[in-house]
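The block underneath contains the structure these notes are about, expressed in structure tokens.
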Amino acid sequence: MAAPATTLVRLETAIFDPWSTLRDFEQTHDMGDGRSGAAAVFVGTMRDFNAGDGVRRLFLEHYPGMTERELERIADEAVERWPVNACLIVHRVGLIVPGEPIVLTAAWSAHRNAGFDACRHLIEALKHRAPFWKREDLANGEQRWVSENTPA
């Protein structure tokens with residue numbers, strides 16, 4: 001019988017290093033045990049532009065508890081739909097400046113297709129369903145709320 005899949009969801013208020021986060025997750029959850037032949041990873045980084053305007057910084061708000069529950073549902077869906085050994089979602093909240101990582105999603109599986117598909121599900125479902133509210137501080141000094149996601 002296969003071991004149950006591991007899922008971890010975490011919100012971060014401080015800048016994080018996606019690569020050391022992945023390494024820590026793999027070591028902590030024994031991902032080097034030979035079960036996973038693939039790890040698919042997506043790292044989203046804040047751009048200094050959006051919708052044709054320069055952006056100096058972004059403030060990401062969330063509803064504590066509700067946001068984590070939705071992210072956990074998304075990770076659980078990936079585990080149910082694909083034969084993955086683990087899923088990881090790390091997302092920033094609070095003040096973010098261009099160049100900083102915003103989101104990390106990863107899926108470990110025996111084969112690459114399941115890992116790619118699960119990782120794509122994690123980021124796409126997150127972008128469309130997770131309750132985050134984004135306020136941009138534009139280069140021209142104005143502020144605005146982001147009303148829609150950018151295309152994939």
Side-chain angles (χ1 to χ4, degrees), residues 4-29 31 35-53 55-138 143-152:
T6 300
T7 61
L8 177 66
V9 167
R10 192 170 71 209
L11 297 178
E12 294 280 346
T13 57
I15 190 170
F16 69 96
D17 177 350
W19 312 114
S20 68
T21 300
L22 286 168
R23 184 178 48 251
D24 292 347
F25 181 86
E26 286 187 331
Q27 291 172 350
T28 302
H29 295 89
M31 297 311 297
R35 292 183 302 141
S36 298
V41 175
F42 175 83
V43 176
T45 304
M46 186 193 162
R47 297 181 309 267
D48 66 355
F49 65 94
N50 188 31
D53 296 310
V55 179
R56 293 184 306 125
R57 60 187 186 178
L58 174 71
F59 193 84
L60 256 159
E61 293 188 17
H62 74 294
Y63 192 82
M66 184 171 74
T67 302
E68 291 91 334
R69 279 193 301 277
E70 187 60 31
L71 295 177
E72 289 165 359
R73 271 193 286 273
I74 291 167
D76 289 345
E77 288 169 2
V79 167
E80 291 171 11
R81 292 178 61 183
W82 293 280
V84 294
N85 299 319
C87 290
L88 171 66
I89 300 174
V90 179
H91 206 291
R92 286 282 304 278
V93 293
L95 186 62
I96 303 168
V97 298
E100 291 183 353
I102 297 175
V103 62
L104 162 67
T105 62
W108 286 260
S109 59
H111 302 286
R112 65 184 177 278
N113 280 346
F116 282 137
D117 291 346
C119 189
R120 176 175 285 278
H121 169 77
L122 294 174
I123 189 61
E124 294 300 331
L126 180 159
K127 294 288 283 183
H128 292 94
R129 295 180 11 211
F132 290 108
W133 294 270
K134 302 174 183 176
R135 188 189 70 226
E136 295 175 327
D137 290 347
L138 302 178
Q143 289 186 335
R144 71 179 173 202
W145 289 97
V146 177
S147 60
E148 58 189 45
N149 288 317
T150 53

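We're numbering straight along the sequence, starting at 1.
- The side-chain contact (heavy atoms from CB on, under 4.5 Å) check on Arg135 picks up Phe59, Glu61, Asp137, Gln143, Trp145, with sequence neighbours excluded.
- Taking the side chain as every heavy atom from C-beta outward, Val146 and Phe132 never approach each other to under 4.5 Å.
- What you find for Ala106 and Leu122 is that their closest heavy atoms are O-CD1, 3.4 Å.
- Listed by chain and residue number, nothing satisfies the side-chain hydrogen bond (donor to acceptor under 3.5 Å, both in side chains) test with Thr6 (two or more places apart in sequence, or in another chain).
- By the side-chain hydrogen bond (donor to acceptor under 3.5 Å, both in side chains) test, Asp117 pairs with no residue at all, sequence neighbours left out.
- Minimum heavy-atom separation, Met46 to Val55: CE-CG1, 3.5 Å.
- Rounding to the nearest 0.5 Å places CD of Glu148 at 10.0 Å from NE2 of His128.
- Note that CG of Leu58 and CG of Asn50 are 9.0 Å apart. Values are rounded to the nearest 0.5 Å.
- Smallest separation of non-hydrogen atoms from Ala78 and Val84: O-CG2, 4.0 Å.
- Annotation: ring pair (Phe, Tyr, Trp, His ring centres under 6.0 Å) contacts of His121 (sequence neighbours excluded): Trp82.
- Put simply, the side chain of Thr67 gets close to the backbone of Pro131: a donor and an acceptor are under 3.5 Å apart.
- For the atom pair NE2 of His111 and CZ of Phe116, the computed distance is 13.5 Å after rounding to the nearest 0.5 Å.
- Considering SG of Cys119 and CD of Glu124, their distance stands at 10.0 Å, rounded to 0.5 Å.
- Applying the ring pair (Phe, Tyr, Trp, His ring centres under 6.0 Å) criterion to Phe25, with sequence neighbours excluded, gives His29, Trp108.
- Across all non-hydrogen atoms, the minimal contact from Ser109 to Pro83 is CB-O, 3.6 Å.
- Every pair tested for salt bridge (Lys or Arg N to Asp or Glu O under 4.0 Å) that includes a residue from residues 36-47 fails, sequence neighbours excluded, so the list is empty.
- For Glu12, the side-chain contact (heavy atoms from CB on, under 4.5 Å) partners two or more places apart in sequence, or in a different chain, are Arg10, Phe16, Val90, Arg92.
- Residues meeting the side-chain contact (heavy atoms from CB on, under 4.5 Å) test with Arg129, sequence neighbours left out: Glu70, Arg73, Ile74, Glu77, Ala125.
- For the atom pair Arg57 CZ and Asp48 CG, the distance stands at 15.0 Å (nearest 0.5 Å).
- Separating the CG atom in Asp76 from the CZ atom in Arg69 is a distance of 13.0 Å, to the nearest 0.5 Å.
- In this structure, the side chains of Val43 and Thr45 come closer than 4.5 Å at one or more pairs of heavy atoms.
- With sequence neighbours excluded, the residues that form a side-chain contact (heavy atoms from CB on, under 4.5 Å) with Asp53 are Leu138, Arg144.
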